[in-house]
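Counting from 1, the numbers follow the sequence of the chain as shown.
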Amino acid sequence: MKKIKIDNAEIEVEDHLTIMQACEEAGKEVPRFCYHDKLSVAGNCRMCLVEVEGAPKPVASCAMPINEGMSIRTNTEKVKKAREGVMEFLLINHPLDCPVCDQAGECDLQDQTVAYGAGHSRFDENKRSVQEKHMGPLIKTYMTRCIHCTRCIRFADEVAGVNQIGALNRGENMEISTYLEKTIDSELSANVIDLCPVGALTSKPYQFEARPWELKKTETIDVMDAVGSNIRVDTYGWKVKRVLPRLNEDINEEWISDKTRYACDGLLTQRLDEPYIRKDNKLTVVEWSEALAKVTDYLNEYKVDEIAFLSGDLCDLETLYLYKKLSDALSIKNVECRQEGCNIPFTHPSQYSFNTKIADIEKSDCILIVGSNVRQEAPIINARIRKHKLATNVPIAVIGANLDLTYEYEHLGEDLNLLSDLISNKNNFSKIIEAAANPMIIIGNSILNRKDSISIFSVIEELIHKYKFLQDDWNGFNVLQIAAARTGALNLGLYKQGSSLEKIYCAAEDNKIKLIISLGADEINFDRLKGAKVIYIGTHGDQGANKADIILPSAAYTEKDGIYINTEGRLQYAFKASFPPGNAKEDWKIINELSNLLDLNWDIIDLANVRSMLQSDFSHLFNFDSSAYPKYERLLANKAPVTNLCNSNVDYVIKDFYLTNAITRNSQTMAECSQARNELLEQ
């Protein structure tokens, strides 16, 4: 700790802080444009000037480390004059666009001009004009407004890992551009919109949609992947206008993926707002009472072994709990939540969770990735790995396709028999794993849905028990889930031991399963369920609704309160930002009404009742400890690992990052992003 003075007040601060950080700890506001906590220091806007005793002129506080006994002044006349001068220069070429600028109302330049500007300008020359740039379907550019803070450049280089934005020319002729005027090839590209302190980079889909003071703001949780990013949903009436990130250092820091941010326009398209029953091969609108009565008749008509309950990727925990409770009450054993076809008979949460925790990736000293395209399956986790790689040069190896993950790694190959080579020390990377104190392995869902998945899992268990993946104070075994509802559904037991989706398909084809209830399960192959009646509970007129005999419209993730458990087992609360369209109902209410018609006597009145029952039956889900590592329980303790695995390429589950669920498939913005990505790949 070092003792310093800030405006004549003596404080103690940590040794490694800069003057700006020390001033913030002392409660003194220092204006800035180029500085950002998560980016490297550029020191090029000079707005953060302060006076330091003994220095001949004001210094940039963002780049100056503190020294013992330093005396800092943030409010002297010299500092005030320096800031006014900087602001005057910044405004020389800035256009008077505030009335039509989407950034107005939440613009750093506006705020700091009012607080620190001189209130007048002495510049009479013509302002410069800069040609707009093409940065893809998400980012709208007004480069005449740019003040050259370079935040976007540093983000692209340091966080996104795509060296595609840079500065051309110098001085007054300097321009920020994507060099070749191409779409930014990153799943995190739109974060530059939040970083831009002026209106130079704004949201293209959100352009001229609303003013910030007109919007209702709701803090909630994202469901586009299993990370559980903390987000803020801004709504205007019923419509979701935009999604922004919230700060959570343990999960997403302050970034979100482009899919999280822009899939929200899919909430307005192809929505189911009335119950339907298929009559004469045509879906007909009916009353809720008729639809629910028909579902009840089907449940009473078919035998329990002729019924299957399938759950989707976007369901909240309360609905899944009641769904499981309904299947148990009716003695239905054919339940499945793993839409990609995983057939591992999990017996403990440590076998399917991201046990290391997202934040603790930065504590690892060796990373092995097996069968996972982390960049597409969890862009936020991939950014955390890149951050760790840049900071420590941690050794990373990949078994699977040789993909661009935005950081350097050792590609061991695509043959999964390399796992056996690591166990027997036939591969050089085994020496690195052996020397590591905190190694971690990331396993993708792509290798858990194969015919030889059990054998692969057995080899992986041998590997993690041979080296130091599992210790008293460390758990380096991680399965990266790709669906928001998956970890919660597995925790609740929404799968049958020894079964899989493939077995349900086969049973339906053999006419052994005659009734399918699909709770938002849109990612399954309905063509293989032709002989069965399908009851679909969901939000969109997607694949499930097209094949359904009965449709029960439900609420999307922004239209209900709910609980979601992310891939690391962290329980988080989502909150209602808008309301379901038409006569659609919240999912748990639909299941509860079915229970009433079936005389199950649950005595559930509101969501609080459901949560109380859930917490009573699964109390351990509410006791997540971010500082403790769960103890791994071995699945295949008595099974000898197979020495020769199937030598085939890893077939990754996600084929198109932008089109992974019913919401994204109905989003025009996601369709444009997918098209832009395909055009980049063709070039």
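- Under the 3.5 Å distance criterion, the side-chain polar atoms of D265 are matched with a main-chain donor or acceptor of Q668.
- Between N491 and Y352, the side chains place a donor N or O and an acceptor N or O closer than 3.5 Å (distance only, hydrogens not considered).
- Side-chain polar atoms of S350 and N355 form no donor-acceptor pair below 3.5 angstrom.
- Across all their heavy atoms, L138 and A190 have their closest contact at CD1-CB, 4.4 Å.
- Listed for the S453 side chain is a donor-acceptor partner under 3.5 Å among the backbone atoms of L448.
- For Q339 (side chain) and D522 (main-chain N/O), a donor-acceptor pair under 3.5 Å exists by modelled atom type.
- Within the 3.5 Å criterion, the main-chain N or O of G266 finds a donor-acceptor partner in the side chain of H540.
- In E509, the CD atom is crowded: over 12 heavy atoms of neighbouring residues, nucleotides or ligands sit closer than 6.0 Å.
- With hydrogens and angles ignored, the 3.5 Å screen pairs no side-chain donor or acceptor of H411 with any backbone N or O of L403.
- Note: Y302 and Y298 have tilted aromatic rings, judged against thresholds of 30 and 60 degrees for the angle between ring planes.
- The backbone N or O of C315 lies less than 3.5 Å from no partner atom in the side chain of T319, so there is not a single donor-acceptor pair.
- A salt bridge is absent between K514 and E301; no separation between the charged side-chain nitrogens and carboxylate oxygens falls under 4.0 Å.
- In summary, E502 and R528 engage in a salt bridge, as defined by a charged side-chain N under 4.0 Å from a carboxylate O.
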**OP:** Please test E290 against K279 for salt bridge (charged side-chain N to carboxylate O under 4.0 Å, His left out), starting from the C-alpha separation and ending with a verdict.
**Re:** CA-CA 13 Å; E290 182 181 347; K279 299 177 180 179; 3.1 Å; yes

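- To the nearest 0.5 Å, atom CD1 of residue I537 and atom CG of residue L552 are 5.0 Å apart.
- Checked options I442, V227, V479; the residue passing with F354 is I442 (criterion: side-chain contact (heavy atoms from CB on, under 4.5 Å)).
- Remark: side-chain polar atoms of N566 are paired, donor with acceptor, to backbone N or O of E568 under 3.5 angstrom.
- Here E187 pairs with R677 in a salt bridge; the nearest charged N to carboxylate O distance falls below 4.0 Å.
- Of the possible donor and acceptor atoms, one in the side chain of Q497 sits under 3.5 Å from a partner among the backbone N and O of F346.
- With rounding to the nearest 0.5 Å, the separation of OG in S667 from OH in Y658 is 11.5 Å.
- Other residues, nucleotides and ligands place no more than 12 heavy atoms under 6.0 Å from the NZ atom of K512.
- A donor-acceptor contact under 3.5 angstrom links the side chains of E274 and N583, judged on distance only.
- Between T660 and K259, the side chains place a donor N or O and an acceptor N or O closer than 3.5 Å (distance only, hydrogens not considered).
- Side-chain atoms of Y321 and D316 form no donor-acceptor pair, as typed in the model, at a separation below 3.5 Å.
- At a threshold of 4.0 Å, the pair R611-E318 counts as salt-bridged, since one of the basic side-chain nitrogens sits closer than that to a carboxylate oxygen.
- Of the charged side-chain nitrogens involved, at least one lies within less than 4.0 Å of a carboxylate oxygen, so that E209 and K241 count as a salt-bridged pair.
- In this structure a side-chain-to-backbone donor-acceptor pair under 3.5 Å is missing from R271 to G582.
- The residue from H348, E461, Q351 that alone fulfils the side chain to side chain donor-acceptor pair (under 3.5 Å) condition with Y632 is E461.
- The shortest non-hydrogen separation linking V243 to C264 is CG2-CB, 4.1 Å.
- Ion pair E672/K204 not flagged as a salt bridge, since none of the NZ, NE, NH1 or NH2 atoms sits closer than 4.0 Å to an Asp/Glu carboxylate oxygen.
- When all heavy atoms are compared, the tightest approach of V162 to I184 is CG2-CG2, 4.1 Å.
- A salt bridge is absent between D305 and K303; no separation between the charged side-chain nitrogens and carboxylate oxygens falls under 4.0 Å.
- Side-chain contact check for S203 and Y262: at least one donor-acceptor pair (N or O, by modelled atom type) lies under 3.5 Å.
- The distance from the CG atom of D542 to the OG1 atom of T269 is 12.0 Å, given to the nearest 0.5 Å.
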Subject >> Verdict with reasoning, E306 to K533, per salt bridge (charged side-chain N to carboxylate O under 4.0 Å, His left out) >> reply: CA-CA 11 Å; E306 294 176 335; K533 295 283 185 184; over 6 Å; no

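- Taking both residues in full, the closest heavy atoms of Q572 and I251 are given as OE1-CD1, 3.2 Å, listed atom of the first, atom of the second, then distance.
- A side-chain N or O of N191 and one of R261 form a donor-acceptor pair less than 3.5 Å apart.
- In this structure a side-chain-to-backbone donor-acceptor pair under 3.5 Å is missing from S554 to K585.
- More than 12 heavy atoms of other residues, nucleotides or ligands sit less than 6.0 Å from atom NZ of K655.
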